[in-house]
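Below is one structure, written out as structure tokens; comments come after it.
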Amino acid sequence: HPDCIKLAVGSTPSCIAHGGGRRCLNDNCAKSAVGSSNLCRAHGGGKRCLLETCNKTWSVGAGALAHVRRAPLVLVLVRTSDV
């Protein structure tokens with residue numbers, strides 16, 4: 001696509017949005033394959049949450065974003081004279 005400014009992926013001349021890179025091997029799926037798998041995230045590609053009962057995509061730390069509690073940011077100040 002002549003007006004596309006995105007980088008080409010892999011050995012293809014196109015970016016992911018225009019068909020470059022590897023594609024999911026699931027029938028009738030045109031999404032990009034993720035990581036070392038040949039599947040997109042929707043069909044099981046990429047890293048998964050480490051929680052045994054969860055099949056969601058790995059997002060933060062070792063689990064899915066759904067399991068991360070949003071706690072307020074707490075700053076701890078240390079005076080140099082106390083160290």
Side-chain angles (χ1 to χ4, degrees):
H1 294 83
D3 295 333
C4 183
I5 60 171
K6 297 177 184 176
L7 296 174
V9 179
S11 60
T12 63
S14 302
C15 69
I16 290 175
H18 292 114
R22 295 177 299 113
R23 295 287 144 185
C24 179
L25 293 181
N26 201 328
D27 293 340
N28 301 321
C29 184
K31 295 179 183 177
S32 297
V34 181
S36 60
S37 71
N38 288 318
L39 299 172
C40 67
R41 282 193 169 94
H43 292 117
K47 293 182 180 179
R48 294 286 158 184
C49 179
L50 295 180
L51 192 63
E52 291 181 18
T53 58
C54 181
N55 192 29
K56 294 185 180 200
T57 303
W58 176 303
S59 297
V60 178
L65 191 57
H67 306 305
V68 177
R69 295 177 191 243
R70 299 186 190 271
L73 179 64
V74 177
L75 296 177
V76 178
L77 301 176
V78 177
R79 291 186 294 202
T80 55
S81 60
D82 293 342
V83 178

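Keep in mind that this is a model prediction, so the values were computed, not measured.
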Ignoring hydrogens and angles, write down the donor-acceptor pairs under 3.5 Å from the side chains of residues 36-46, residues two or more places apart or on other chains.
{"residue": "S37", "atom": "OG", "partner": "V34", "partner atom": "O", "Å": "2.7"}
{"residue": "S37", "atom": "OG", "partner": "L39", "partner atom": "N", "Å": "3.4"}
{"residue": "S37", "atom": "OG", "partner": "L39", "partner atom": "O", "Å": "3.3"}
{"residue": "N38", "atom": "OD1", "partner": "R22", "partner atom": "NH1", "Å": "3.3"}
{"residue": "H43", "atom": "NE2", "partner": "N26", "partner atom": "ND2", "Å": "3.2"}

What pairs of donor and acceptor atoms, side-chain ones from residues 2-21 against any protein atom, are under 3.5 angstrom apart with sequence neighbours left out?
{"residue": "T12", "atom": "OG1", "partner": "V9", "partner atom": "O", "Å": "2.5"}
{"residue": "T12", "atom": "OG1", "partner": "S14", "partner atom": "O", "Å": "3.3"}
{"residue": "T12", "atom": "OG1", "partner": "G21", "partner atom": "N", "Å": "3.1"}

OG (S32) and CZ (R23) are apart, to the nearest 0.5 Å, by 3.5 Å
